[in-house]
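Take a look at the structure set out below.
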Amino acid sequence: MVVVKAVRPAISCSSSGFDGGQLVPLHKVSFVNLTLPASLLSVRLSSRNNAKLSLVQSTKESSTASTNDRAAVFSGENLHQIDTNGKATNIVWHKSSVGKVHWQEVLQQRGCVIWITGLSGSGKSNLACALCQALYSRGKLAYILDGDNVWHGLNRDLSFEAEDRAENIRRIGEVAKLFADAGIICIASVISPYRKDRDACRSLLPEGDFIEVFMNVPLQICEARDPKGLYKLARAGKINGVYPPWLLYLKIGFTGIDDPYEPPLNCELELPQKGNNCASPCEIAEIVISYLEEKGYLQA
Amino acid sequence: MSTMGNSTNIFWQESPVGKLERQKLLNQKGCVVWITGLSGSGKSTLACSLSRELHTRGKLSYILDGDNVRHGLNKDLGFKAEDRTENIRRVGEVAKLFADAGLICIASLISPYRKDRDACRAMLPDAFIEVFMNMPLALCEERDPKGLYKLARAGKIKGFTGIDDPYEPPLNCEKLKPRWQVHFQFKSCNVYRHYYHQLR
């Protein structure tokens with residue numbers, strides 16, 4: 001078992017398979033440079049205790065990391081453990097020579113994930129489109145991962161059964177992470193009803209890069225809008241007194257359904273803002289834009 | 001309503017900012033460069049070199065490395081045939097998303113089965129550039145950068161491509177024939193030239 005223990009501000013590394021050592025951290029992050037031995041079978045990043053691990057893809061981010069074909073560089077805070085468990089063995093992490101910093105300079109923005117969650121009909125897709133348009137008009141590159149779009153491609157093999165619902169969110173989270181890593185502002189617009197699934201996606205990204213936006217629109221208003229006619233179907237759609245799986249997935253909060261929508265407890269933005277239920281998607285998008293500007297995501 | 005796959009009542013969402021707008025913003029066309037070949041044939045190294053080359057020309061790219069993706073999106077997959085197929089399918093779908101976003105997505109995977117690579121090509125008929133790292137097995141094994149051939153020969157890894165699992169070379173692709181003395185920058189320039197003439 002390989003263990004990399006981290007106590008801020010320094011990291012120590014102990015393992016029979018690695019040559020580690022004490023390194024002074026740069027700025028807010030601590031990192032360890034592991035020279036990989038030829039006999040290394042696999043490396044896998046795992047984090048506990050809310051540790052954030054991220055791959056340093058460009059060694060320009062760190063002035064003391066060495067660069068050779070046998071080295072992998074990891075950066076993060078509160079690094080806890082790297083282990084060799086998992087389905088895929090014999091996998092070695094490859095460093096890329098063009099890192100995140102370069103892409104940020106090219107795009108003049110910082111990659112992040114805007115995760116829009118809420119009931120069906122709460123306005124997620126409208127906000128996603130309005131936000132995308134607003135960012136484009138400012139010369140920023142954004143891309144929407146809409147729950148519906150992803151169903152036609154990446155997740156077309158999944159059903160509405162419980163385990164597939166979690167897998168749907170997991171895959172969207174992983175893809176959103178890749179987009180953020182590429183410097184793109186990735187807008188994920190997904191009902192994502194379970195708190196633990198959303199939190200699992202949050203943990204994939206460095207702190208601050210996962211921006212959870214909760215469309216807090218009451219069920220009655222969602223149902224009154226019913227843009228896709230799904231609530232009407234749901235009301236009429238019981239089969240033998242039981243709701244079919246796909247309706248459960250909608251998480252429309254009907255009384256008697258066991259798994260209601262779990263609203264976020266600590267999201268970055270809750271919309272629409274209090275007392276302003278009539279705000280248009282464009283107005284709401286501007287609130288998100290202000291947040292992004294304030295946090296520095298719209299500059300390199 | 002769409003009735004594709006297991007899901008009904010799924011609606012395709014139209015976004016006002018589309019592929020053309022993103023192309024205009026980035027001044028490039030999105031595509032997928034799919035680098036295939038045996039382990040140790042130089043795929044990852046070419047991917048990095050190509051990415052760097054594109055960057056110096058002001059083009060935005062992103063690498064989907066087979067090993068890296070298996071740490072995240074595909075961490076639930078192993079190396080059985082059906083898992084390999086699913087691995088390639090998912091990478092192909094993600095690469096398609098990146099291409100739609102306007103990026104040059106460089107996918108670097110062994111991807112040993114022709115039908116899996118062809119399935120990815122079918123997702124992107126006009127924007128798929130297949131690059132075959134045609135390095136002989138003997139040379140790959142001699143390099144053995146991750147020590148995997150040694151383990152495979154010792155029987156410690158089963159189903160290793162090239163040793164006891166087949167690699168099916170592409171029939172129609174942009175071929176590069178790396179030799180030891182050829183600098184990777186030259187090869188990535190070849191790929192860039194091909195891309196530039198096909199897709200500008």
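In the text below, chain A, chain B and the rest are named by the order of the sequence lines, each starting its count at 1. All figures in this text were calculated on a predicted structure; none of them were measured in a lab.
The candidate from Leu97(B), Asp100(B), Val94(B), Asp144(B) with the greatest count of non-hydrogen atom pairs under 4.5 Å with chain A is Leu97(B).
Glu21(B) and Tyr136(A) get closest at one heavy-atom pair: O-CE1, 3.3 Å. Nearest heavy-atom pair, Ala101(B) versus Leu141(A), reported as atom, atom and distance to 0.1 Å: O-CD1, 3.8 Å. Of all heavy-atom pairs between Asp76(B) and Glu167(A), the closest is OD2-OE2, 3.8 Å. Between Leu60(B) and Ala182(A), the shortest heavy-atom contact is CD1-O, 4.4 Å.
Side-chain contact between Glu86(B) and Asp157(A) is present, with at least one heavy-atom pair separated by less than 4.5 Å.
The six-membered or imidazole ring of Phe98(B) lies away from that of Tyr143(A), with a centre-to-centre distance of 6.0 Å or more.
Of the inter-residue distances, the one linking Leu73(B) atom CG with Arg170(A) atom CZ reads 6.0 Å to the nearest 0.5 angstrom.
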Report the C-alpha distance between Val17(B) and Ile144(A) in whole Å, list the side-chain angles of each, state the deciding distance to 0.1 Å, and finish with yes or no for side chain to side chain contact (heavy atoms under 4.5 Å, CB included). CA-CA 10 Å; Val17(B) 178; Ile144(A) 297 176; over 6 Å; no

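A donor-acceptor contact shorter than 3.5 Å is absent between the side chain of Arg90(B) and the backbone of Arg171(A).
Of the residues listed (Val150(A), Leu154(A), Asn155(A)), the one engaging Glu93(B) in a side chain to side chain contact (heavy atoms under 4.5 Å, CB included) is Leu154(A), and it is the only one.
In this structure, chain B has a heavy atom under 4.5 Å from the backbone of Ala142(A), while its side chain stays farther away.
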